[in-house]
Amino acid sequence: MLRRKLRSLLATSLFNASPIVHSKCIASKLRSPQPFLPLQHSIECANPRPTLNGIWAVDGVRAYSLLSLNDLRDNKGAKKQKKRKGRGIGSGLGKTAGRGHKGQKARGTMKFGFEGGQTPLRRRMPKRGFKNPFRLTFQPVGLGKIAKLINAGKIDSSELITMKTLKDTGAIGKQIKDGVRLMGRGADQIQWPIHFEVSRVTVRAKEAVEAAGGSVRRVYYNKLGFRALLKPEWFEKKGRLLPKAARPPPKQRDKVDSIGRLPAPTKPIPFLPEEKEAASTPSV
């Protein structure tokens, strides 16, 4: 390509040559020791002046580059042609297109995991463990974290602290599946009475809160109840009323103290004597 460009450039230069020398700029370039003018420069003179010496000079050579858009090519091997099957026997992939004659592999595909009739691998491997469909996932939160939020002024300790309060202040994440478990981490930071309403509470956390003069009530909410507790504006947007609080299933009645209240309450409910006796041994 470079040889072709140089040939066309020299032909253009000789065609535009004339037996006259233009201004001093041409003469200075011709007297230079360089035998050839650079290809990227152009020679232009405004006032030509004829001479008798008959020196040949290049007239009006424009700027010219050896690289053009029509000469751009991909590197060798950068573009691979698509394999065309079933386009004649001369290609070697005609007729049966490389699948051979008859058989299951020549006619179509099989479902994933099929091994020709033998017991597949997924059935040969033994089972380990099980997945409990009745499991409950609670999001933990420590007393130390709640104490820091109270000291920062984000939580009012004089009001009831519910799961909505913990969510709005960032004490817990947004994904609350089955409730919140109150943990005893940082229990020594609780020095004033605090009232909680959570799903579960550990023995250490309950003792620390009650020692400071507070209370912890375990309440039950189902999936719809959690939505009404955490996002009551969703029901207003849909034009619906808040649902009634659901009763706990039989297997969870001994693990909760009462049914959750809707909308989110702000005042705690005092424990009755029989409730205190039932809650004397809280379950973890």
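Of the possible polar contacts, one joining the Tyr221 side chain to the Arg261 backbone as a donor-acceptor pair under 3.5 Å is found. The main-chain N or O of Lys148 is never found under 3.5 Å from a side-chain atom of Gln189 such that the two would form a donor-acceptor pair. Formation of a donor-acceptor pair under 3.5 Å by the Arg87 side chain with backbone atoms of Lys85 is found in this model. Put simply, the side chain of Arg218 never gets that close to the backbone of Val201: no donor and acceptor are under 3.5 Å apart. With Arg217 contributing its side chain and Ile269 its backbone, the two residues share a donor-acceptor pair below 3.5 Å. A donor-acceptor distance shorter than 3.5 angstrom exists from the side chain of Arg73 to the backbone of Asn70, with no hydrogens or angles considered. Of the possible polar contacts, none joining the Glu197 side chain to the Gly260 backbone as a donor-acceptor pair under 3.5 Å is found.
The 12-atom threshold is exceeded at CG of Leu121, counting heavy atoms of other residues, nucleotides or ligands nearer than 6.0 Å.
For the atom pair CG of Leu149 and NZ of Lys154, the computed distance is 6.0 Å after rounding to the nearest 0.5 Å. Distance CG/Leu262 to CG/Leu242: 6.5 Å, rounded to 0.5 Å.
Contact between Asp156 and Ile161 at its shortest, heavy atoms only, is O-CG1, 4.5 Å. The minimum heavy-atom distance linking Ala246 with Ile259 is given by the pair O-CG2, 3.2 Å.
Under the 4.5 Å side-chain criterion, counting only non-hydrogen atoms from C-beta, Gln118 is in contact with Arg124. Residues Lys177 and Phe226 form no side-chain contact, since every pair of their non-hydrogen atoms from C-beta on lies 4.5 Å or further apart.
Between Glu210 and Lys206 there is a salt bridge, since a side-chain N of the basic residue sits under 4.0 Å from a carboxylate O of the acidic one.
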